[in-house]
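Chain letters run A, B, ... following the sequence lines, proteins first and then strands; every chain starts at 1.
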There are 2 protein chains.
Amino acid sequence: MQTPADTSAKKPSRIQARNRRRILEAALDVFSVEGYRGATLDQIAQASGLSKPNILYYFDGKEAIHVTLLNAMMETWVEPLRRLDPEGEPLEELLRYIRRKLEMSREYPRESRLFANEIVQGAPRMRPHLEHGLKPLVDEKAALIARWVAEGRLAPVEPRHLIMSIWATTQHYADFEAQIAVLMPEGDVWDDAAAHVEGMFRKLLAPEGG
Amino acid sequence: MQTPADTSAKKPSRIQARNRRRILEAALDVFSVEGYRGATLDQIAQASGLSKPNILYYFDGKEAIHVTLLNAMMETWVEPLRRLDPEGEPLEELLRYIRRKLEMSREYPRESRLFANEIVQGAPRMRPHLEHGLKPLVDEKAALIARWVAEGRLAPVEPRHLIMSIWATTQHYADFEAQIAVLMPEGDVWDDAAAHVEGMFRKLLAPEGG
DNA sequence: TCGTGGCTTTACCAAACGGTAAAAAGCCGG
DNA sequence: CCGGCTTTTTACCGTTTGGTAAAGCCACGA
């Protein structure tokens, strides 16, 4: 009786799980390239190998697919920041965070572009999530960094702008991949990027004349 | 006899110039938010105050408007990099470039987002321009920076990744404005950004223990 | 063997899309 | 105030869009 479209139902069958995964996989391909408005259900249908009505059997509509993708992604996306440890050594904690962030850009470029599209276009479907999910976390971690700076364990830096710089430099390699591919010579772009970014933030954050 | 749609014609009348400007202005609003596929001629028509057929009287189609915007923009967009002076003092030249770049993000956020949309979505209509217009310029300036580094007038840095970092950090404030607006406390975001970014790259680039 | 419930397809729809033809309305020098 | 042009509007067109109704398919327990 109840359709698999409403996630509140109890146990998804094996086939439901498989098809929902296939749809989300295909939708990630399409949304991350075309953006929400530019993507079409027909593209997602073709990419997933399912028919359009069949897709609407598993999801309540185009927007539901998009929202599902964004939510699922944000979980893992902010994980690295959440793991920034107040008990750890400040510089090493931040460098580890930066490394992890760059690694995620390399491993999940589609997710990064999905997010980039949503934000560039004004975050119409994510602003609540930003305000109630991301902002408190950023506030918390910014306060932590500010404490580290006050204790002289980090060079003086504006915490929020530091975080912005980290996001900007790391996600750039995924979001602007098309540009990178044209401008960078063949070779280990990601390895060079890791070395460059880590060196850059090490210089910025190292306390004293370390 | 000839329609104003083909730019190869001689003199545009006063009214042609005015309406083409109005269309491009409106189209910039729409394309920079929705991306190419997400934008519609009806939106542009409504935003410009002209009717849809009237818009197609001045431009050969949706794509022609988009291409016109991108070309017009790229001119001014790479200006700052082009002005990087081989005769100048390396650190000051680069910091001036960074300042100018951030200024442009503040002054032309729509243009930045137009570009961001195009690149995130794979640069389908701009790859030729990237290869034949931007790449040679980047190659030239990367060589210049490499020379400065070799001469010991800059701290060792990978030139191309340096340029990427500059673009990433400066454009981020325009492209992800929706996120910035949520996460940053009220106040001079742009002024703080300028101080942060300049300080960051000064530390990165200053030669020796300067 | 027969349902019965979960899954899939076929055949649609109204609205929105980019674009066109041609008539109507301005505009302006003579 | 007229004739010829540029500009604008009206009325469309074929296609694509997100979405729906309903019939068909399929495995499996009684």
Side-chain angles (χ1 to χ4, degrees), chain A residues 1-24 26-27 29-31 33-70 121 124-125, chain B residues 1-27 29-31 33-69 121 124-125:
Chain A
M1 196 101 294
Q2 74 228 346
T3 150
D6 66 58
T7 35
S8 63
K10 349 182 185 177
K11 313 186 167 186
S13 73
R14 232 164 279 103
I15 190 167
Q16 278 176 34
R18 175 175 58 89
N19 280 350
R20 282 182 63 98
R21 243 186 306 129
R22 277 166 63 171
I23 292 168
L24 290 173
D29 273 341
V30 176
F31 280 128
V33 169
E34 306 285 0
Y36 179 75
R37 285 221 50 197
T40 71
L41 286 179
D42 292 283
Q43 287 176 285
I44 298 172
Q46 190 167 359
S48 67
L50 299 177
S51 70
K52 188 168 63 175
N54 205 5
I55 283 178
L56 292 165
Y57 171 72
Y58 288 103
F59 287 91
D60 270 338
K62 182 182 175 183
E63 189 160 4
I65 303 177
H66 194 243
V67 168
T68 302
L69 277 177
L70 285 175
Q121 303 185 359
R125 270 164 294 279
Chain B
M1 195 104 294
Q2 74 229 345
T3 148
D6 66 56
T7 32
S8 62
K10 346 182 186 179
K11 312 185 169 188
S13 73
R14 229 162 281 103
I15 189 168
Q16 277 175 36
R18 175 174 57 88
N19 280 351
R20 283 182 63 97
R21 241 185 307 127
R22 278 168 59 173
I23 292 168
L24 289 175
E25 177 69 17
D29 272 340
V30 177
F31 279 127
V33 169
E34 306 283 0
Y36 178 75
R37 285 219 51 197
T40 71
L41 286 179
D42 291 282
Q43 286 176 286
I44 298 172
Q46 190 168 358
S48 68
L50 300 176
S51 70
K52 187 168 63 174
N54 205 4
I55 283 178
L56 293 166
Y57 171 73
Y58 287 104
F59 287 91
D60 269 338
K62 182 183 173 181
E63 188 161 4
I65 303 176
H66 194 242
V67 169
T68 301
L69 276 178
Q121 303 186 357
R125 272 163 294 278

Please round to the nearest 0.5 Å and tell me the distance separating atom CD of B:Glu25 and atom CD1 of B:Ile44.
12.0 Å

Roughly how far apart are B:Leu69 CG and B:Leu24 CG, rounded to 0.5 Å?
5.0 Å

Any side-chain N or O of [X] below 4.0 angstrom from OP1/OP2 of [N]?
| X | N | result |
| --- | --- | --- |
| A:Tyr58 | C:dC7 | no |
| B:Asn19 | D:dT6 | no |
| A:Gln16 | C:dC7 | yes |
| B:Ser51 | D:dT8 | no |
| A:Tyr57 | C:dT9 | no |
| A:Arg37 | C:dC17 | yes |

Sugar-phosphate only, base, or nothing, as touched by B:Ala39 at under 4.0 Å among non-hydrogen atoms:
sugar-phosphate

Looking for any heavy atom pair under 4.0 Å, which part of the strands does B:Leu50 touch: base, sugar-phosphate only, or nothing?
nothing

Measure from [atom1] on [X] to [atom2] on [N] and round the result to the nearest Å.
| X | N | atom1 | atom2 | answer |
| --- | --- | --- | --- | --- |
| B:Ile44 | C:dG19 | CD1 | C1' | 13 Å |
| A:Arg14 | D:dC28 | CZ | C1' | 14 Å |
| A:Leu56 | C:dT9 | CG | P | 13 Å |
| B:Leu41 | D:dG14 | CG | P | 19 Å |
| A:Arg20 | C:dC7 | CZ | P | 12 Å |
| A:Asn54 | D:dT20 | CG | P | 15 Å |
| B:Glu34 | C:dA16 | CD | C1' | 14 Å |
| A:Ile65 | D:dG18 | CD1 | C1' | 11 Å |

I want to verify a distance call: between D:dG18, C:dA11, D:dT7, whose nearest atom is closest to the A:Lys62 side chain?
D:dG18

Which nucleotide in the set C:dC7, D:dT7, C:dC17 lies at the smallest distance from any side-chain heavy atom of B:Ile15?
D:dT7

Please figure out whether B:Asp42 or B:Pro53 has its closest DNA chain C nucleotide nearer the 5' end.
B:Asp42

Comparing nearest nucleotides in DNA chain C, the 5'-proximal residue of the pair B:Tyr36, A:Lys52 is A:Lys52

Which residue lies toward the 5' end of DNA chain D, B:Gly49 or A:Glu63, if each is placed at its nearest nucleotide?
B:Gly49

I want to check something: taking the side chain as every heavy atom from C-beta on, are A:Glu34 and A:Thr40 in contact at a cut-off of under 4.5 Å?
no

Under 4.5 Å between any side-chain heavy atoms of B:Tyr58 and B:Ile65, yes or no?
no

Restricting to non-hydrogen atoms, name the atom on A:Arg37 and the atom on A:Lys62 that form the minimum distance, rounded to 0.1 Å.
O-NZ, 3.7 Å

Going by the angle between their ring planes, with limits at 30° and 60°, are B:Phe31 and B:Tyr36 parallel, tilted or perpendicular?
parallel

